[in-house]
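These notes concern the structure reproduced below.
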Amino acid sequence: MRLREQVWTIKPTVPTASMADIAFLLIIFFMLTTSYSPEKTSVILPESQIRVEVTKDPSIIAITEEGNIVFTSGEETSVPLAGPDELGLIAKEIIELVPAKEFVVKADRNARYEAVDGVLEALRTNGVKRIGFLTRAEVQNSENP
Amino acid sequence: MSKKSKFRRSPEIPTASMADVAFLLIVFFMLTAVFTTTQGLRFQFPKDDPTQLNIQPEESVHIKITGVDQFVVDRLPMTLAEIGGYVQSKVSQNPKKPVIIQTMPDVPYYVMVDVFDLLKQLEVQNVSIPTESEIERWRQLGYFE
């Protein structure tokens, strides 16, 4: 008599045991690389070939295409300012507290230079020593308007 | 008499929803992540001391930006490419030669950044970006026309 063959069938399953591991790995990556910038003014930065790390935790002065000035000390969210005079007063207060504090100009590429000049004058006359002009990487064969 | 079941469930922690939670967190971090760029061009203001104003016009290179692609360098109209060659020849003779960038108020900001970027590429050590009031003061002292 022939014995009946025992058939072992394995149910087809998608292995999902390691999915949580991958997901948590990605979470850790995003948690470490995420930085909450207090300055969110939308501007199109000018391009430059030379780009160095300007500074860490700077005060940021955004200048829109229309010439409006938006400021953040780097800790609070940005606030619009009435003009360079108000910026000068704020810069003076900051420099009195932290003399080495650096400021970063985040101006729109098409902003009139007059607006940038006003900001530079306000910073220079109130004791700011070093500033940075934020730029973006130069794109080859880009069509400049 | 109660009959005990033969089938015993092994104790386990339910992990089926862990991947869901993890991916939910990933989506949150991906949407809120802002990769801040604090890269650009650094600039240091000169010391604000009128008694140390020792830059004579003939000792420096004066780049005047009058419009988009309109430059006057030491009273000669030039293109941006020509400025590179001219400044290079001057700086090779004297690496500490000051180069002054004067920008007209109605010129777009990116033109000034283009010139400043070019000077940084040429490794010019002494770049000055005077404000309108500084230029006015230099005019009164007879250094500028």
Side-chain angles (χ1 to χ4, degrees), chain A residues 16-17 19-24 26-27 29-31 33-37 39-40 44-56 58 60 63 102 104-118 120-121 123-125 127-138 144, chain B residues 15-48 65-69 101-123 129-136:
Chain A
T16 55
M19 196 180 272
D21 301 338
I22 297 163
F24 277 107
L26 286 168
I27 286 173
F29 168 75
F30 279 107
M31 281 175 74
T33 57
T34 300
S35 57
Y36 293 92
S37 173
E39 217 306 297
K40 291 185 175 68
I44 302 168
L45 293 173
E47 296 170 351
S48 73
Q49 280 188 28
I50 302 286
R51 289 176 80 232
V52 291
E53 191 67 30
V54 175
T55 181
K56 281 188 175 177
I60 304 169
I63 304 169
E102 291 190 28
V104 161
V105 176
K106 181 188 166 187
D108 192 285
R109 72 190 299 279
N110 292 315
R112 274 163 57 93
Y113 186 74
E114 190 178 28
V116 180
D117 186 80
L120 296 184
E121 179 67 14
L123 297 177
R124 187 185 66 83
T125 52
V128 177
K129 300 281 184 295
R130 278 186 293 181
I131 61 160
F133 297 106
L134 282 196
T135 60
R136 64 191 162 115
E138 199 161 89
N144 287 340
Chain B
T15 56
S17 61
M18 195 179 274
D20 301 338
V21 175
F23 277 107
L24 198 84
L25 285 168
I26 286 174
V27 171
F28 168 75
F29 279 110
M30 279 175 76
L31 293 176
T32 56
V34 179
F35 294 94
T36 50
T37 51
T38 51
Q39 287 191 324
L41 300 162
R42 298 191 79 162
F43 175 68
Q44 190 155 2
F45 285 115
K47 284 176 185 170
D48 194 19
I65 306 169
T66 54
V68 177
D69 296 328
I101 305 173
Q102 183 191 0
T103 313
M104 292 290 105
D106 55 346
V107 174
Y109 164 66
Y110 78 88
V111 186
M112 188 281 282
V113 172
D114 285 348
V115 175
F116 191 30
D117 184 34
L118 177 72
L119 298 180
K120 287 275 181 186
Q121 286 174 51
L122 296 171
E123 295 175 358
I129 307 172
T131 59
E132 198 58 42
S133 68
E134 277 181 295
I135 290 167
E136 191 55 43

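- Note: Ile26(B) leads Val111(B), Ile26(B), Val21(B) in heavy-atom pairs under 4.5 Å with chain A.
- Here the straight-line distance linking atom OG1 of Thr125(A) with atom CZ of Phe45(B) works out to 8.5 Å at 0.5 Å rounding.
- The two residues Pro46(A) and Val113(B) come nearest to each other via the heavy atoms CG-CG2, 3.8 Å.
- Proximity of Glu132(B) to Glu121(A): side-chain heavy atoms (C-beta onward) are nowhere separated by under 4.5 Å.
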- Item | Asp117(B)/Thr135(A) under side chain to side chain contact (heavy atoms under 4.5 Å, CB included): CA gap, chis, key distance, verdict | CA-CA 10 Å; Asp117(B) 184 34; Thr135(A) 60; over 6 Å; no
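- Inter-residue side-chain proximity for Thr103(B) and Asp117(A) is flagged as unmet; no heavy-atom pair is nearer than 4.5 Å.
- Smallest separation of non-hydrogen atoms from Arg124(A) and Thr131(B): NE-OG1, 3.8 Å.
- Classification of the Phe133(A)-Phe43(B) ring pair by plane angle, with boundaries at 30° and 60°, yields tilted.
- For Tyr109(B) against Val116(A), the heavy-atom pair with the smallest separation is CD1-CG2, 3.5 Å.
- Under a cut-off of 6.0 angstrom, the local environment of CG in Asp106(B) is crowded, with over 12 non-hydrogen atoms contributed by other residues, nucleotides or ligands.
- Residues Ile50(A) and Gln121(B) share a closest heavy-atom pair of CG1-CG, 3.6 Å.
- The two atoms that bring Tyr113(A) and Ile129(B) nearest to each other are OH-CG2, 3.3 Å, heavy atoms only.
- Counting only distance, with no hydrogens or angles, the side chain of Asn110(A) and the backbone of Pro108(B) share no donor-acceptor pair below 3.5 Å.
- Looking only at side-chain heavy atoms (C-beta outward), Ser48(A) and Lys120(B) stay at 4.5 Å or farther from each other.
- If you tally non-hydrogen atom pairs under 4.5 Å between each of Asp108(A), Ile63(A), Leu120(A), Val52(A) and chain B, the highest count goes to Val52(A).
- Distance check: Gln44(B) CD to Glu102(A) CD gives 9.0 Å after rounding to the nearest 0.5 Å.
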